[in-house]
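Comments concern the structure below.
Just so it is clear, the structure is predicted and the values come from calculations on it, not from any experiment. Chain letters run A, B, ... following the sequence lines, proteins first and then strands; every chain starts at 1.
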Amino acid sequence: MPAKLNLHVHVKVNSGSGGVRIGELARRTGVSERALRYYEEQGLLSPRRLPSGYRAYREGDVAAVRRIRVLLAAGLNTARILEVLPCIVDDDGLLTPGCPELTEGLARERDRIDEAIGELAATRANLDRLIAGERRAD
DNA sequence: TTTCTAACA
DNA sequence: TGTTAGAA
């Protein structure tokens with residue numbers, strides 16, 4: 001039998017209400033309200049405002065926040081995420097580079113991390129020697 | 001009760 | 001990012 005690929009096209013658009021408020025979005029994503037407001041400041045989210053001044057998020061923002069978290073966890077800063085987001089393809093939670101140039105850019109981010117790891121490893125080695133009371137050979 | 005902005009013992 | 005004060 002052919003591979004079973006279940007494509008849940010949850011086209012669940014907004015419920016009739018005015019939108020998701022920050023408290024609920026925070027609960028549903030596990031991200032603090034503080035962080036959600038920060039993402040907005042960085043241009044990563046742009047909820048509309050209710051006459052009360054309260055932020056009204058769209059249902060899709062739940063997934064948007066998850067994407068942001070994945071990217072942050074990958075070491076990208078908010079500025080980088082802002083420019084990279086439009087090239088990201090989200091297949092039900094699976095994020096993949098949508099543009100070829102993005103893949104290259106991310107590979108360089110990885111190299112940058114490798115360098116950092118190398119420097120930390122060297123620093124740790126120096127610390128080990130210091131702890132062991134190793135004496136220089138001169 | 002919830003959210004908002006602004007600011008930091 | 002957390003936390004918090006003061007207001008709506």
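Regarding A:Asn77, its CG atom lies at a distance of 12 Å from the P atom of C:dT1, rounded to whole Å. Atom pair A:Glu41:CD and B:dA7:C1' shows a separation of 12 Å (rounding to whole Å applied). Atom pair A:Arg34:CZ and B:dA7:C1' shows a separation of 10 Å (rounding to whole Å applied). Rounded to an integer number of Å, the gap from A:Leu44 CG to C:dT1 C1' is 15 Å. Rounded to a whole Å, the OH atom of A:Tyr57 is 10 Å from the C1' atom of B:dT3. Distance, A:Leu36 CG to B:dT2 P: 16 Å, rounded to whole Å.
Taking 4.0 Å as the cut-off between side-chain N and carboxylate O, A:Arg58 and A:Asp61 count as a salt-bridged pair. Between A:Glu24 and A:Arg55, no side-chain nitrogen of the basic residue sits less than 4.0 Å from a carboxylate oxygen of the acidic one, so the salt-bridge criterion is not met.
An OP1 or OP2 oxygen of C:dT1 is reached within less than 4.0 angstrom by a side-chain nitrogen or oxygen of A:Tyr39. A:Arg49 has a side-chain polar atom (N or O) that falls below the 4.0 Å cut-off from OP1 or OP2 of B:dT5. Residue A:Arg55 places at least one side-chain N or O under 4.0 Å from the OP1 or OP2 atom of B:dC4.
The residue A:Arg37 sits close to a base: some heavy atom pair falls under 4.0 Å. A:Ser52 comes within contact range of no nucleotide atom at all, as no heavy-atom separation falls under 4.0 Å.
Judged purely by atom type and a 3.5 angstrom limit, A:Arg48 uses its side chain to pair as donor or acceptor with the backbone of A:Gly18.
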Report the C-alpha distance between A:Glu41 and A:Arg37 in whole Å, list the side-chain angles of each, state the deciding distance to 0.1 Å, and finish with yes or no for salt bridge (charged side-chain N to carboxylate O under 4.0 Å, His left out). CA-CA 6 Å; A:Glu41 260 183 34; A:Arg37 296 191 183 101; over 6 Å; no
Run the side-chain hydrogen bond (donor to acceptor under 3.5 Å, both in side chains) check on A:Tyr39 and A:Arg69 step by step: do they pass? CA-CA 10 Å; A:Tyr39 298 160; A:Arg69 299 299 296 198; 2.8 Å; yes
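Residue-to-nucleotide proximity on DNA chain C shows that, of A:Tyr54 and A:Ala35, the 5′-proximal contact is made by A:Ala35.
Nucleotide B:dC4 is matched to C:dG6 when pairs are restricted to Watson-Crick or G-U wobble geometry with both distances under 3.5 angstrom.
Looking at A:Arg21, its side chain has no donor and acceptor atom pair within 3.5 Å of the base of B:dT2.
When each of B:dT3, C:dT1, B:dC4 is scored by its nearest atom to the side-chain atoms of A:Glu33, the top-ranked nucleotide is B:dT3.
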